[in-house]
Amino acid sequence: MKLKEIKNWSPEIEKKITQHWTNSEQFKFNSNTKKPIYSIDTPPPYVNTTIHIGHAITYSYMDFFARYKRMKGFEVLFPLGIDRNGIPIEIATEKKFKISPFKLGRDKFIEYCKKLLEETTSESIDTFSRLGISFNSYNEGDKIGEIYLTDSPEYRTLTQNTFIDLFRKELIYEDTRINNYDPKLQTTIADSEIEYKEISSIFNYIKFKVKETGKEIIIGTTRPELICTCGMIIYNQKDKRYQSLNGKTAITPIFGKEVPIREHPLAEIEKGTGLAMMCSAGDLSDIQFFREMNLKPTIAINKDGTMNEHAGLLQGLKIKEARKKIIGELKKENLLVKQEQIMHRTPLSERSGAEIEFIEMSEFYLKQLDFKKEVQKIANKINFYPLESKKILESWLDSISIDWPISRRRFYATPIPLWRSGALIALPEKGKYYEPWKESVPQNAEVFENGSLIGKVKDFPDKKWQGETRVFDTWFDSSISELNIIKYPSTFSKKAYPVSLRAQGKEIVRTWLYYTLLRGYFETKKPAFKDVWIHQHILDAKGRKMSKSLNNIIDPQDILKNEGAEVLRLWSIIEGDITKQDLSFSRERIKAELKTINKILNVAKFVTQFKKPKPIPKHLTKTDKLFIDYIEELTKFTDEHYDQYDFHYPALKLRHFLWETFASHYIELTKNRAYNKENKFTKTESLSAHYTLHYLLERFLTLMYPIIPQLTTVIGKELKIKFNEYPKIKKTKTNISPLVNRIIQFNKEIWKKKKDQGISLRAEIKNIKIPKYLKDFEKDLRACHGLN
RNA sequence: GGCCUCAUAGUCUAGUGGCAAAACGGCUCGUUUACACCGAGCAGUCCGCAGUUCGAUUCUGCGUGGGGCCACCA
């Protein structure tokens, strides 16, 4: 595409360039390189839907980093990953094909998941390609730099390998965990699938007895059917009404169980009577409470949502029936003081609308509590951009209070690689992808009993082995992404670890970043990254978060087709610093940035009228030297900021340079000299202008290249500029920009004067004195303004 | 409820312990041989309150509003 033929920049031009980039693999990673390696661990987007505008913009930023680092002489590892594991994929599949894994069976359901993933994955990859992201490769594969899928056998094998290691190091254990259970769908669900609604429910005031004094106490509850699981009665220590109860024992009504009465800050004075019964069917916090108090939880609800033997006379009833029955019993015994209608925040299943029940099940845990200090130490070795984001990690570290439950009772995720026979666990060798739910146990798998190795499977020929059906928490996969991109363990990974940069959103610091540091520590004892870059969010035009319910989600494809990638990229970096605050999306303002794109095109068209002089003119005029020095200063400034992942401030300055210095003043000032139609200037002076015009344009394009690579490449092709090296920083004289500003000031004054006098800007003007400090530029000023 | 973070023209963003700035939109005027996706110009109680200070938009505290995370709801 010739520069002259381009009237306006358009997405059609972009399409040709990006297609070429995508197919030619010119950014391919060379693992045998002698250059220093710069590696970027990108956040594999979840493709339960196609990627959204936030992805488009934050990946553009990462592309700025990658292209800049290439210019600085690094071999840049910048692979695309796609996250395809986990519950959101399953939910999207269930919705799209209107199927249920429980009716369809695991095998068939997984096939449907794959079908969904194919569509969303290829559409997402296309968006990245059109954005001009310089990933090492646009082909899926297993080699360094190629697109990786977290559900590929290779990735899943790595996940399983790390689990096998952790298990052997005794960092994995099994313990009970209370799971969110949807009784309608008969499955455990994730916390994120719970929605809370204010539902009217009945608050019951129930009589308990104090064993020591025989007196009655009244306790309020919305869940009277759980009296059978009550483990303790608590009140707040500031509550004067109950001070005498501390250390005494309460007897539960109907069931007659003795439970201690204690002070606890969890109890609120204003709620109900100020006395609360603590039941072991709440959620995670209940487990904590019971552990803290050294109480044994009683579980009274079965998997199918019915009450079990612990519920005595309620056994076999569903929860709501049980609640009715116990109220009836309490009334009969005159133990129910009163009932109040209250609005109560109730956890519901997002999908089925059923009230969530909490059911205790055995799950695998990864130890993390013992390593909080180590992770903190590692974090201290990492550079955070911006520095404030480190606090998010630190406050999370402070608040971790249980180990990490890593097993899930779902389907489309990495299977947990083990088999069981009673209390024995068979752990396979590393290096292969295992699907125990449909494979038989390998004969050389190691057999563990209570954590200690007691032999191999073949030593126990009589045992029957059951394949594990559970899968890993998605974060267990995601938290080794940085190991995957450097193909750990390998000779390459040894020299490429720690990975140079982790770029990610602030909302997943406590998950992705934290878990990666933890897992990286277990594997290497080192920090996983040198730098961490944390960004904020893209909001809608009104400053609201984008969400399906608000119907304000913006599809990047729409912008790519209508306005194009270059405008989107330029806007995103001009609009604000996304590490400091959220950016509000604005179509209007994105379109406005088209002006800058076209200004660059037009400046380039002007400059290319003149040939770049060869050899370089020996004498440059003072005006030319000044403006060259000016952009040398800008080069240094830009480099210093790019190096700190700040592209926003330089982008603002560069754009300002383009409009307010280069186009409006340098070009206006030297136009006459460049054309030199009346031969007012010497040939040397004219050539000096040609040279400087090219110099300024070339440098400007080079500095802008990481941000708008397509536009600069199109212009660069014509001018034979290759953007593969960042310009050398040159020393300049001081006071460059004040002097340039004085010229600008002078020009503006003349233009204003002419306007006030109603004369054309081309017309000559008399009685203008050129100030002493501008004497060096007199000839250009006279020619430009027609001074007599 | 706790913690973190942000708050500047109609809009959206820079910036500063002592004159507050760009862009978009609006309005006025103009067209100069790279550019009408052009040029020149016009318009602001820097969220509220209190404190520190000779002086606060800038520093500190509180409040209000947006964003994020965590917890809770017997």
Side-chain angles (χ1 to χ4, degrees), chain A residues 3-4 7-9 196 198 203-204 206 219-224 226 230 233-235 266-268 271-279 282-286 288 342-347 386 388-396 398-401 505-511 534 536-537 539 541-545 567 571 574-577 580-586 588-609 648-649 652-653 655-656 659-660 663-664 667-668 671-672 675 677 693 748 751-752 754-756 758 760-763 784 786:
Chain A
L3 201 51
K4 273 184 203 161
K7 193 140 191 243
N8 293 316
W9 187 255
Y196 289 87
E198 292 286 338
F203 201 59
N204 305 281
I206 297 165
I219 286 160
T221 180
T222 55
R223 308 278 315 254
L226 293 178
C230 176
I233 304 290
I234 60 168
Y235 65 92
L266 229 51
E268 287 176 42
K271 268 204 181 143
T273 60
L275 286 170
M277 66 172 193
M278 297 306 288
C279 301
D283 48 24
L284 267 180
S285 65
D286 279 338
Q288 257 174 271
I342 57 157
M343 291 308 279
H344 177 66
R345 240 185 121 205
T346 313
E388 300 91 89
S389 61
K390 192 176 173 185
K391 276 187 188 162
I392 305 174
L393 178 69
E394 284 172 340
S395 68
W396 172 244
D398 281 344
S399 65
I400 295 172
S401 59
K506 62 174 168 177
E507 78 288 358
I508 49 174
V509 168
R510 66 172 193 92
T511 47
I534 306 288
Q536 313 266 319
H537 293 152
L539 308 177
K542 289 174 186 161
R544 298 169 307 179
K545 206 178 152 186
V567 186
W571 169 79
I574 290 287
E575 188 72 5
D577 184 343
K580 291 199 178 130
Q581 59 195 281
D582 300 328
L583 294 190
S584 291
F585 181 86
S586 159
E588 195 183 56
R589 298 171 62 76
I590 288 174
K591 282 185 180 171
E593 228 40 70
L594 267 174
K595 289 187 176 183
T596 300
I597 300 275
N598 280 299
K599 191 77 177 179
I600 296 171
L601 264 180
N602 280 313
V603 168
K605 278 185 204 167
F606 174 77
V607 173
T608 47
Q609 292 177 80
H648 169 64
Y649 201 9
L652 283 179
K653 280 217 169 194
R655 189 182 59 160
H656 191 261
W659 288 88
E660 300 301 325
S664 296
I667 289 183
E668 291 304 329
K671 232 180 207 175
N672 289 298
Y675 286 125
K677 285 200 174 139
L693 282 168
K748 283 191 169 174
W751 286 329
K752 184 151 198 211
K754 283 186 174 174
K755 192 180 157 68
D756 290 346
S760 154
L761 291 180
R762 279 204 310 192
C784 170

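- Among the heavy atoms of the strands lying under 4.0 Å from A/Thr221 are primed sugar atoms or P, OP1, OP2 only; no base atom is included.
- Listed by chain and number, the residues in a salt bridge (charged side-chain N to carboxylate O under 4.0 Å, His left out) with A/Lys599 amount to none (sequence neighbours excluded).
- Within 4.0 Å (heavy atoms only), A/Ile392 reaches no atom of the nucleic acid at all.
- As rounded to the nearest Å, B/A9 and B/U45 have C1' atoms that lie 12 Å from one another.
- Contact annotation: A/Lys591 side-chain N/O to B/C24 OP1/OP2 distance is not under 4.0 Å.
- Side-chain atoms of A/Asn598 stay outside donor-acceptor range of the base of B/C35, with no qualifying N/O pair under 3.5 Å.
- For A/Gln581, a side-chain nitrogen or oxygen approaches OP1 or OP2 of B/A14 to under 4.0 Å.
- The minimum heavy-atom distance between A/Gly576 and A/Leu583, with the atom names listed, is CA-CD2, 3.7 Å.
- Phosphate proximity of B/C24 to A/Lys595: present, with a side-chain N or O under 4.0 Å from OP1 or OP2.
- Residue A/Lys390 has no polar side-chain atom (N or O) positioned under 4.0 Å from OP1 or OP2 of B/U5.
- Rounded to an integer number of Å, the gap from CD1 of A/Ile597 to P of B/A23 is 17 Å.
- The separation of B/U16 from B/G10, taken at their C1' atoms, amounts to 24 Å, rounded to a whole angstrom.
- At the heavy-atom level, A/Asp582 lies under 4.0 Å from the strands shown only through sugar-phosphate atoms.
- B/U13 atom P lies 7 Å from atom CZ of A/Arg589, rounded to whole Å.
- Two residues are said to be in side-chain contact when any heavy atoms from C-beta on lie closer than 4.5 Å; A/Asn598 and A/Leu601 meet this criterion.
- Of the candidate nucleotides B/G67, B/C35, B/C69, B/C35 has the atom lying nearest to any side-chain atom of A/Asn602.
- For the pair A/Ile600 CD1 and B/C38 C1', the computed distance is 16 Å after rounding to whole Å.
- The P atoms of B/C4 and B/U11 are separated by 29 Å, rounded to the nearest whole Å.
- For RNA chain B, if you chain together Watson-Crick or G-U pairs that step i with j, i+1 with j-1 and so on, the runs of at least three with distances under 3.5 Å are B:1-7 with B:64-70, B:26-30 with B:38-42, B:47-51 with B:59-63.
- As judged by a 4.0 angstrom heavy-atom cut-off over every strand, A/His656 is placed among residues making no nucleic acid contact.
- Using a 4.5 Å cut-off on side-chain heavy atoms (C-beta onward), A/Ile234 and A/Leu275 make no contact.
- Between the C1' atom of B/G66 and the CZ atom of A/Phe585 lies a distance of 19 Å, rounded to the nearest Å.
- Heavy atoms only, all atoms of each residue included: A/Glu575 and A/Arg589 are closest at OE2-NE, 3.0 Å.
- Of all the heavy atoms in A/Phe585 and A/Trp571, the pair that sits closest is CA-CH2, 3.9 Å.
- Counting only distance, with no hydrogens or angles, the side chain of A/Asp582 and the backbone of A/His537 share a donor-acceptor pair below 3.5 Å.
- Residue contacts for A/Ile667: at a heavy-atom cut-off of 4.0 Å it reaches a base atom on one of the strands shown.
- The distance between atom CD of A/Glu660 and atom P of B/C38, rounded to the nearest whole Å, is 12 Å.
- A heavy-atom distance below 4.5 Å is not found between the side chains of A/Ser389 and A/Val509.
- If you check every strand for non-hydrogen atoms under 4.0 Å, A/Ala663 touches a base.
- Where A/Thr222 and A/Trp9 each meet RNA chain B at their nearest nucleotide, the meeting point lying more 5' is that of A/Trp9.
- Between A/His537 atom NE2 and B/C69 atom C1' there is a gap of 11 Å when expressed in whole angstrom units.
- Nearest approach of A/Leu226 to A/Cys279, heavy atoms of both residues: O-SG, 3.6 Å.
- Picking from B/C37, B/C12, B/A22 the nucleotide with the shortest atom distance to the side chain of A/Asn8 gives B/C37.
- The side chain of A/Lys391 lies closest to B/C4, out of B/C4, B/G39, B/A23.
- Comparing B/G39, B/U13, B/G67 by their nearest atom to the side chain of A/Trp659 picks out B/G39.
- A/Asp577 comes within contact range of the sugar-phosphate backbone alone, with a heavy-atom separation under 4.0 Å but no base atom that close.
- B/U64 and B/U28 have their P atoms separated by 44 Å, with the value rounded to a whole Å.
- When the C1' atom is used for both B/A23 and B/A14, the distance is 10 Å, rounded to whole Å.
- A/Trp659 is linked by a ring pair (Phe, Tyr, Trp, His ring centres under 6.0 Å) to nothing, counting only residues two or more places apart in sequence or in another chain.
- Note on A/Trp571: nothing from the nucleic acid sits closer than 4.0 angstrom, heavy atoms only.
- When the C1' atom is used for both B/C38 and B/U33, the distance is 14 Å, rounded to whole Å.
- Residues meeting the ring pair (Phe, Tyr, Trp, His ring centres under 6.0 Å) test with A/Phe606, sequence neighbours left out: A/Phe610.
- With sequence neighbours excluded, the residues forming a side chain to side chain contact (heavy atoms under 4.5 Å, CB included) with A/Ser584 are A/Leu539, listed by chain and number.
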Could you pull out the protein-nucleic contacts involving nucleotides 8-10 of chain B (nitrogen or oxygen on both sides, under 3.5 Å)?
none

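- Residue A/Glu388 contributes atom CD, which lies 15 Å from atom C1' of B/C3 at whole-angstrom precision.
- Look at CD on A/Gln536: it is 12 Å from C1' on B/C69, rounded to the nearest Å.
- B/G25 sits 26 Å from B/G67 when the C1' atoms are compared, rounded to a whole Å.
- Closest non-hydrogen pair, A/Gly220 versus A/Thr273, comes out as N-OG1, 4.2 Å.
- Out of B/G15, B/A22, B/C12, the shortest distance to the side chain of A/Tyr649 is found at B/G15.
- Nucleotides of RNA chain B nearest to A/Lys506 and A/Lys599 differ in position, and the one nearer the 5' end is that of A/Lys599.
- Nucleotides B/C35 and B/C42 have their C1' atoms positioned 24 Å apart, rounded to a whole Å.
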